[in-house]
Amino acid sequence: MSYFFEKIREQIKNQLPFVCYCKPNSDTIISLLQKNDTLVPWNSSEIGFVFVSFDNEKRYIIPENQSDILYEKLQVTDFIYPKHRDFAVDELKKEHFENLVAKAVFEIEAGTFEKVVLSRKEVIALHDFDLEAVFSKLVNNYQSAFNYCFYHPKLGLWMGASPEQFLKIEENKISTIALAGTQSISGYQNIEWETKEINEQKIVADFIVKSLSLFSNSVTISKPYNFKAGALIHIRTDIQALIENQSDLEKIIDIMHPTPAVCGFPKDVSRKFILKEEGYDREFYAGFLGEWNKDFQTFTKGNSDLFVNLRCMKIHEKYAELYIGCGINKGSIPEKEFVETFNKSQTMKKVL
């Protein structure tokens with residue numbers, strides 16, 4: 001075991017908070033090891049690593065000034081995986097999710113909202129969970145994702161491999177993406193998108209452009225293109241904006257989070273539907289996380305690098321809770337939406 005992961009194990013043993021993470025296409029793993037067990041509320045003037053819930057009510061930071069910082073070079077490894085483990089489908093939960101999708105489609109057709117993102121949770125039994133091995137598999141399998149492991153004794157142990165940037169802030173430039181639509185692939189051959197998926201992605205992109213235009217006269221957007229994330233492919237557009245006032249950042253975050261990619265559109269009514277009908281607490285799934293006020297890889301102060309907390313799981317002593325979701329609009333078919341969540345669940349199941 002490396003010194004890096006020895007220190008992380010010490011943090012867990014001593015019930016002290018930490019985060020370790022690897023940014024997309026980076027060869028450096030960064031860790032902030034908090035020296036006390038204080039649950040620190042996020043203050044925008046702080047420097048550190050933020051962890052924010054879907055409902056925006058739980059907003060915390062591991063502060064730089066209360067932490068030791070470690071770096072580790074990524075060791076590229078070809079893991080030998082055991083024979084594929086078949087995970088049984090819980091038919092009652094499958095039926096519940098498909099009924100929820102059907103209810104959402106009914107509301108969309110009635111004009112309640114245009115899109116809603118529904119999610120579900122799978123529970124997977126764990127045997128001899130090894131944090132170092134699982135995290136190493138994450139960063140080796142999903143190098144284009146934001147890979148992380150976050151622990152706080154009051155919040156639990158979370159891990160994920162998110163394909164989706166929330167906001168990247170470099171001085172007065174903001175960069176983000178609109179990501180939606182999902183297909184399971186074995187290459188890029190013959191990728192065709194249905195109207196439902198194209199419209200779903202357009203809703204996300206339009207929302208982001210409109211939100212940023214409230215604070216910027218210079219918003220640019222790329223053409224949609226295919227984006228590979230592990231064994232899945234999505235439709236993606238890149239969006240940038242120049243803002244005049246740094247003081248607007250908090251307002252921008254409040255307007256943007258949660259985006260239609262994880263909530264729906266219009267945001268308020270779709271969020272109410274989720275909180276009322278989904279049947280469980282998302283906690284930090286579909287929230288956001290990342291560096292705040294400092295790029296810890298380049299040591300550039302004032303820069304922030306935030307990601308949506310997708311393809312994630314919460315680790316317990318004997319089991320893991322996997323969080324997976326999909327966008328629902330007028331053309332959604334309940335059975336297909338369940339299959340999409342099943343495909344997305346493979347990201348975490350593979351490393352477990």
Side-chain angles (χ1 to χ4, degrees), residues 8 12 15 17-21 39 51-58 60 85-98 100-101 117-139 141-142 145-164 182 229-230 232 258 261-263 271 274-289 307-326 337-352:
I8 287 173
I12 295 177
Q15 295 191 309
F18 74 88
V19 64
C20 61
Y21 61 96
L39 188 58
F51 201 58
V52 177
S53 63
F54 168 74
D55 63 11
N56 212 19
E57 296 293 325
K58 297 178 279 291
Y60 304 111
R85 176 180 168 191
D86 291 323
F87 293 91
V89 173
D90 186 317
E91 292 297 332
L92 284 177
K93 290 183 178 180
K94 179 176 181 289
E95 182 181 2
H96 170 79
F97 186 76
E98 290 177 356
L100 180 60
V101 172
V117 179
L118 299 178
S119 71
R120 64 187 182 89
K121 184 168 63 174
E122 283 193 27
V123 177
I124 305 297
L126 295 180
H127 305 284
D128 301 320
F129 175 78
D130 185 328
L131 185 149
E132 180 179 0
V134 171
F135 186 76
S136 296
K137 289 177 184 177
L138 275 180
V139 295
N141 276 286
Y142 308 112
F146 179 80
N147 295 286
Y148 81 92
C149 177
F150 179 97
Y151 170 74
H152 195 292
K154 298 179 178 70
L155 304 177
L157 177 64
W158 291 76
M159 302 183 78
S162 175
E164 185 166 340
T182 301
L232 302 176
V262 296
C263 181
R271 180 164 52 187
I274 289 168
L275 296 175
K276 180 182 177 183
E277 303 292 346
E278 212 166 53
Y280 80 100
D281 184 359
R282 289 187 176 188
E283 295 188 71
F284 294 92
Y285 163 68
F288 65 88
L289 72 167
F307 292 81
V308 185
N309 195 11
L310 301 177
R311 311 291 194 277
C312 68
M313 57 186 171
K314 186 177 184 181
I315 305 295
H316 300 266
E317 185 176 356
K318 299 292 184 182
Y319 63 95
E321 295 175 303
L322 278 58
Y323 297 81
I324 47 235
C326 56
E337 301 303 337
F338 179 84
V339 170
E340 179 175 324
T341 64
F342 180 83
N343 289 336
K344 289 178 177 177
S345 74
Q346 302 309 305
T347 300
M348 293 296 105
K349 287 175 180 176
K350 183 176 181 180
V351 299
L352 290 175

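Smallest separation of non-hydrogen atoms from K349 and I124: CE-CD1, 4.1 Å. Here the shortest heavy-atom pairing between V262 and R282 reads O-NH1, 2.8 Å. Between V351 and V134 the shortest heavy-atom distance is O-CG2, 3.7 Å. The heavy-atom pair separating A320 from L352 by the smallest distance is CB-CD1, 4.1 Å. Minimum heavy-atom separation, H152 to P17: CD2-CG, 3.2 Å. Contact record, K314 with L155: CE-O, 3.5 Å, taken as the closest heavy-atom pair.
One finds the CG atom of L322 at 6.5 Å from the OG atom of S345 (value rounded to the nearest 0.5 Å). To the nearest 0.5 Å, atoms CD (E337) and CG (L118) are separated by 8.5 Å. Put simply, OH on Y142 and CE on M348 are 6.0 Å apart, with the number rounded to the nearest 0.5 Å. Here the OG1 atom belonging to T347 is positioned 9.5 Å from the CD1 atom belonging to I324, to the nearest 0.5 angstrom. Once rounded to the nearest 0.5 Å, the distance linking CG of N147 with NZ of K137 reads 14.0 Å. The CZ atom of F54 sits 7.0 Å away from atom CD of E278, with the distance rounded to the nearest 0.5 Å.
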- Query: Could you go step by step and tell me if L310 and Y323 meet the side chain to side chain contact (heavy atoms under 4.5 Å, CB included) rule?
  - Reply: CA-CA 8 Å; L310 301 177; Y323 297 81; over 6 Å; no
- Query: side chain to side chain contact (heavy atoms under 4.5 Å, CB included) between L289 and V52: does it pass, once the steps are laid out?
  - Reply: CA-CA 6 Å; L289 72 167; V52 177; over 6 Å; no
- Item | Verdict with supporting geometry, Y60 and L39, side chain to side chain contact (heavy atoms under 4.5 Å, CB included) | CA-CA 7 Å; Y60 304 111; L39 188 58; 3.6 Å; yes
- Applying side chain to side chain contact (heavy atoms under 4.5 Å, CB included), run through I8 and Y151 and close with a yes or a no. CA-CA 10 Å; I8 287 173; Y151 170 74; over 6 Å; no
- Would R311 and E164 count as a salt bridge (charged side-chain N to carboxylate O under 4.0 Å, His left out) if you check the C-alpha gap in whole Å, the side-chain angles of each, and the deciding distance to 0.1 Å? CA-CA 10 Å; R311 311 291 194 277; E164 185 166 340; over 6 Å; no
- Message: Does K93 form a salt bridge (charged side-chain N to carboxylate O under 4.0 Å, His left out) with E91? I'd like the steps, not just the answer.
- Response: CA-CA 5 Å; K93 290 183 178 180; E91 292 297 332; over 6 Å; no
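Look at E321 and K121 and you find a salt bridge, because one of the NZ, NE, NH1 or NH2 atoms lies within 4.0 Å of a carboxylate O, short of that distance.
Contact of the C263 side chain with the I274 side chain is registered, since non-hydrogen atoms from C-beta on lie closer than 4.5 Å. Side-chain contact between W158 and C149 is absent, with no heavy-atom pair separated by less than 4.5 Å. Here the side chains of Y319 and M313 are not in contact, with every heavy-atom distance at 4.5 Å or above. Considering only heavy atoms from C-beta on, C326 comes within 4.5 Å of F97 through its side chain. Between K318 and L126 the shortest side-chain heavy-atom distance does not fall below 4.5 Å.
A side-chain N or O of T341 and one of R120 form a donor-acceptor pair less than 3.5 Å apart. One side chain, N309 or Y148, offers a donor N or O that lies under 3.5 Å from an acceptor on the other. Defined by atom type and a distance below 3.5 Å, a donor-acceptor pair is present between the side-chain atoms of Y280 and S119.
The backbone N or O of S53 lies less than 3.5 Å from no partner atom in the side chain of E57, so there is not a single donor-acceptor pair.
Checked against F51 for a ring-ring contact (aromatic ring centres under 6.0 Å, His included), the options Y285, F284, F288 give a single hit: F284.
The environment of K154 atom NZ is dense: over 12 non-hydrogen atoms of other residues, nucleotides or ligands sit within 6.0 angstrom.
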